[in-house]
2 protein chains.
Amino acid sequence: MTVTFKDVKADLLDQIASGVMRPGGLLPNEIDLAERYGCARATVNRAMRELADEGIVERKRKAGTRVRMAPIRQARFSIPIVREEIAAQGADYRYALVDRTVQAVPDWLRGRLDLNPGQDVLHLVCMHYADGMPYQYEDRWINPEIVPHVIEADFSTTGPNEWLVAELPFSNAEISFSAVEADQDLADHLGCSAGNALFRAERTTWLQGKAVTLVRLTYRRGHRMTTQY
Amino acid sequence: MTVTFKDVKADLLDQIASGVMRPGGLLPNEIDLAERYGCARATVNRAMRELADEGIVERKRKAGTRVRMAPIRQARFSIPIVREEIAAQGADYRYALVDRTVQAVPDWLRGRLDLNPGQDVLHLVCMHYADGMPYQYEDRWINPEIVPHVIEADFSTTGPNEWLVAELPFSNAEISFSAVEADQDLADHLGCSAGNALFRAERTTWLQGKAVTLVRLTYRRGHRMTTQY
DNA sequence: TAGTGGTCTAGACCACTGA
DNA sequence: CAGTGGTCTAGACCACTAC
């Protein structure tokens with residue numbers, strides 16, 4: 001069998017996990033490793049490059065490759081569409097439009113979306129249910145200048161997230177997570193008490209430098225976002 | 001100039017962002033793109049593979065490469081050491097050990113760390129301050145069987161996270177984020193009121209399949225975890 | 001079963017940077 | 001300035017899978 005980059009990567013990972021290579025330790029260079037494993041340098045390069053991408057090792061020209069002092073530095077979270085998130089849990093998904101208005105952009109939002117005073121925005125409030133129980137409260141603002149036909153779109157049966165995803169080609173985004181205390185409106189919709197701690201994700205999306213939408217997703221009480229790394 | 005994989009990647013990204021390639025659309029195969037860009041197939045392959053890693057496109061043998069319907073599906077969060085997190089904000093960092101006990105593992109924790117009944121664990125409670133204000137409350141359990149000398153370690157001046165990172169070679173971990181209501185102890189330490197919503201990260205770490213530590217990091221009121229993608 | 005991506009190779013040149 | 005990683009190439013074979 002030929003030696004694959006996965007073989008090399010797994011072996012290097014094993015050496016790090018087993019303590020043969022200590023944090024801060026210097027790994028052999030690519031040429032030496034290629035010889036040791038009996039493969040091409042490009043194979044070793046790909047293995048080590050992926051370890052560097054994952055934050056396990058640190059590479060510098062001339063200085064070589066070292067095991068990172070703080071080995072694990074990042075985690076990836078999938079940001080699923082809520083319908084898929086609920087379906088993946090084996091629950092029934094239901095969607096409801098709570099409110100839809102076109103209004104002049106509020107002051108607090110104007111800076112966030114880079115809009116001019118008095119410009120109109122579309123404001124949507126939606127609920128997502130899992131097995132009939134409240135799952136997520138969606139509070140969304142959309143810039144109709146960027147999104148063609150959004151004013152005429154019918155969100156009574158399909159959520160705006162899925163609609164936007166199909167309509168817009170590609171975006172940059174900023175997302176932040178926090179804990180908030182439920183106000184009466186949130187409490188009513190999510191079936192908890194005012195003051196309860198709720199998990200919230202807030203995301204702003206841009207298309208070619210222009211703000212498209214700001215959305216606040218507030219989850220039912222007790223929600224956890226989990227990942228492994 | 002020779003065409004680099006970054007050139008190819010940037011051009012493909014631009015075509016997707018500008019709407020030339022629509023969600024669900026099929027990209028040309030690697031051979032055709034290599035010809036179009038005047039480079040080797042391996043160059044195109046690397047560009048498209050990275051786009052796939054980032055969740056922009058989806059690749060399948062025989063079926064080709066398509067723009068993802070939901071273009072962005074994951075976000076990466078850096079998981080900094082709290083001292084670096086605070087220093088990065090330009091604030092002064094201060095650490096304090098609140099409590100340290102060696103005790104038999106509580107029932108609720110036994111399953112989480114795969115321990116036998118009656119086994120001893122080290123329980124640490126620490127506070128991290130930014131510019132003298134409470135920043136993070138750390139509640140940590142450590143399995144002393146896996147971590148040599150942890151019982152004798154002095155955590156009065158250095159936090160257990162930094163100690164562990166320097167001591168252990170590498171680990172797997174599971175992390176989850178949630179919102180919790182402050183109990184009186186948390187409220188006292190974090191300078192808020194009981195019942196306030198607080199952001200919490202909970203992480204379990206394994207070394208070669210054995211549980212090392214479970215830590216709950218509860219942040220001061222109003223904390224946000226943010227990332228761009 | 002044919003088309004597409006997945007990967008390895010051997011060699012080459014280049015860019016950065018630490019000693 | 002010499003050592004290390006970064007990348008490209010041209011060709012090859014293979015693995016998967018949609019048709």
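So that the names make sense, note that chain A is the first sequence line, chain B the second, and so on, each numbered from 1.
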* **Of residues 37-49 of chain B, the positions that come close to DNA chain D - non-hydrogen atoms, cut-off under 4.0 Å** => C39(B), A40(B), R41(B), A42(B), T43(B), R46(B)
* Structure fact -> Of dC8(D), dC8(C), dG6(C), the nucleotide closest to the side chain of F5(A) is dC8(C)
* Can you tell me the distance, in whole Å, between the CG atom of L26(B) and the P atom of dG3(C)? => 15 Å
* Structure fact -> Rounded to whole Å, NZ of K6(B) lies from C1' of dC8(D) at a distance of 14 Å
* To do: Provide, to the nearest angstrom, the distance between the CD atom belonging to E35(B) and the P atom belonging to dC8(D).
  => 19 Å
* To do: Let me know the distance between CZ of R66(A) and C1' of dG18(C), rounded to the nearest Å.
  => 11 Å
* Between dA10(C) atom P and I31(A) atom CD1, what is the distance in whole Å? -> 14 Å
* Structure fact -> Nucleotide by nucleotide, nucleotides 14-19 of chain D touches protein heavy atoms under 4.0 Å in the pattern (B base, S sugar-phosphate only, - none) -BBBB-
* What residues form a salt bridge (charged side-chain N to carboxylate O under 4.0 Å, His left out) with R216(B), not counting sequence neighbours? -> E202(B)
* Over 12 foreign heavy atoms within 6.0 Å of CD, Q89(B) -> yes
* Report the relative orientation of the aromatic rings in F199(A) and F177(A); use parallel for angles under 30°, tilted for 30 to 60°, perpendicular for over 60°. => parallel
* Structure fact -> Of dC8(C), dG5(C), dT7(D), the nucleotide closest to the side chain of T2(A) is dC8(C)
* Distance in angstrom units between L33(B) CG and dG5(C) C1', rounded -> 12 Å
* Return the set of residues passing salt bridge (charged side-chain N to carboxylate O under 4.0 Å, His left out) with R66(B) (not counting sequence neighbours), or none when no residue passes. => none
* How far apart are the C-alpha atoms of L214(A) and L113(A), what are their side-chain angles, what is the distance that settles it, and do they pass the side chain to side chain contact (heavy atoms under 4.5 Å, CB included) test? -> CA-CA 8 Å; L214(A) 167 67; L113(A) 293 188; 4.1 Å; yes
* To do: Consider only side-chain N and O atoms of R224(A) and S176(B), and report whether a donor and an acceptor are under 3.5 Å apart.
  => yes
* Asked: Is the CD atom of E35(A) crowded by more than 12 outside heavy atoms at less than 6.0 Å?
  -> no
* **Atom pair distance, as rounded to whole Å: CG in L27(B) and C1' in dG5(C)** => 13 Å
List, one per line, each side-chain donor-acceptor pair under 3.5 Å for residues 17-33 of chain A, sequence neighbours excluded.
| from | atom 1 | to | atom 2 | distance (Å) |
| --- | --- | --- | --- | --- |
| S18(A) | OG | D14(A) | O | 2.9 |
| S18(A) | OG | Q15(A) | O | 3.4 |
| N29(A) | OD1 | I31(A) | N | 3.1 |
| N29(A) | OD1 | D32(A) | N | 2.9 |
| E30(A) | OE1 | R41(A) | NH1 | 2.6 |
| E30(A) | OE2 | N45(A) | ND2 | 2.8 |
| E30(A) | OE2 | R59(A) | NH1 | 3.1 |
| E30(A) | OE2 | R59(A) | NH2 | 2.8 |

* Gap between atoms CD and P, on E50(B) and dG5(C) respectively (whole Å) -> 16 Å
Enumerate donor-acceptor pairs with a distance under 3.5 Å from any side-chain N or O in residues 122-134 of chain A to protein atoms, sequence neighbours excluded.
| from | atom 1 | to | atom 2 | distance (Å) |
| --- | --- | --- | --- | --- |
| H123(A) | NE2 | D139(A) | OD1 | 2.6 |
| H128(A) | ND1 | Y93(A) | OH | 2.7 |
| H128(A) | NE2 | E138(A) | OE1 | 2.6 |
| D131(A) | OD1 | D92(A) | N | 2.8 |

